[in-house]
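In the text below, chain A, chain B and the rest are named by the order of the sequence lines, each starting its count at 1.
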Amino acid sequence: GESVGLHLPTLSVQEGDNSIINCAYSNSASDYFIWYKQESGKGPQFIIDIRSNMDKRQGQRVTVLLNKTVKHLSLQIAATQPGDSAVYFCAEEANQAGTALIFGKGTTLSVSS
Amino acid sequence: NAGVTQTPKFRILKIGQSMTLQCTQDMNHNYMYWYRQDPGMGLKLIYYSVGAGITDKGEVPNGYNVSRSTTEDFPLRLELAAPSQTSVYFCASSYQTGTSGSGNEQFFGPGTRLTVL
């Protein structure tokens with residue numbers, strides 16, 4: 001079965017709100033996680049990553065939180081904009097050799113103005 | 001840099017036909033990957049390569065073959081197309097040192113939308 005999943009398939013927010021997208025993973029040995037954004041008709045685009053020796057990492061308008069105790073990952077987007085509308089995937093490093101990623105199903109974020 | 005490029009963008013095949021999906025990257029990445037994405041789903045790994053001459057199976061390799069004769073190119077071959085292979089195919093590349101936890105972001109191509117009728 002899937003190792004990585006997302007709590008909600010869709011999330012609708014108003015422009016300017018903060019968005020929180022959640023992800024649960026099951027492999028406690030995973031030590032690298034990435035959030036990707038996928039716009040319609042395009043390939044996934046890297047947003048931010050985090051390693052297991054960290055519990056928080058910030059980028060431009062985005063923050064990723066990692067809670068290893070409950071195996072939970074979240075992506076926070078500040079001041080959400082219409083251009084943030086997309087499908088968001090979390091992914092975890094699949095094996096100990098540092099190779100492929102396992103992707104969750106995705107959360108569709110819709111931002112209305 | 002062009003990044004990761006894929007051809008063709010779209011293709012319709014008849015059952016039993018064969019085709020090769022092309023993927024090229026110009027970032028000198030050692031690792032390359034092929035994923036498929038079914039509607040409303042995440043990406044599933046088909047095959048990956050850690051360097052020229054080395055390939056390995058991913059989660060869903062059946063019905064596909066790959067080769068990696070150069071660092072830049074990683075073609076995906078479908079020998080006998082089946083309706084179950086209707087999907088969007090993404091190629092990706094990354095630079096990896098190969099140790100656990102050292103993962104780096106994968107860069108994705110724009111995808112090839114394949115329909116098998």
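- Under a cut-off of 6.0 angstrom, the local environment of CD1 in B:I15 is crowded, with over 12 non-hydrogen atoms contributed by other residues, nucleotides or ligands.
- If you take CG on B:L45 and CG on A:L101, they are separated by 9.0 Å, rounding to the nearest 0.5 Å.
- Smallest separation of non-hydrogen atoms from A:F89 and B:Q37: CZ-NE2, 3.3 Å.
- The salt bridge (charged side-chain N to carboxylate O under 4.0 Å, His left out) contacts involving residues 8-33 of chain B comprise nothing, where partners must be two or more places apart or lie in separate chains.
- Cluster membership check: A:V87 shares its hydrophobic cluster with B:L43, using side-chain heavy-atom separations under 4.5 Å among Ile, Leu, Val, Met, Phe, Trp and Tyr.
- In this structure, chain A has no heavy atom under 4.5 Å from any part of B:Q6.
- Between B:Y35 and A:F103 the shortest side-chain heavy-atom distance falls below 4.5 Å.
- Annotation: residues 61-69 of chain B contacts chain A through no residue [non-hydrogen atoms, separation under 4.5 Å].
- B:F74 and B:Y31 fall into different hydrophobic clusters, where Ile, Leu, Val, Met, Phe, Trp and Tyr are joined by side-chain heavy atoms under 4.5 Å apart, directly or via other members.
- The contact list for residues 83-91 of chain B toward chain A, using heavy atoms and a distance under 4.5 Å, reads B:F90 by residue number.
- Here A:F46 contributes atom CZ and B:F108 contributes atom CZ; the two are 11.5 Å apart, rounded to the nearest 0.5 Å.
- Hydrophobic clustering (side-chain heavy atoms under 4.5 Å, transitive across Ile, Leu, Val, Met, Phe, Trp, Tyr) keeps B:F107 apart from A:W35.
- The hydrophobic clustering, which links ILVMFWY residues whose side-chain heavy atoms are closer than 4.5 Å, places A:I102 and B:V60 apart.
- With sequence neighbours excluded, no residue forms a salt bridge (charged side-chain N to carboxylate O under 4.0 Å, His left out) with B:R113.
- Taking CD of B:Q106 as the reference point, atom CD1 of A:I34 lies at 6.5 Å (rounded to 0.5 Å).
- Hydrophobic clustering (side-chain heavy atoms under 4.5 Å, transitive across Ile, Leu, Val, Met, Phe, Trp, Tyr) keeps A:V111 apart from A:I20.
- For a residue to count as touching a neighbouring chain, one of its non-hydrogen atoms must lie under 4.5 Å from one of that chain's; by this rule A:Q38 touches chain B with the side chain only.
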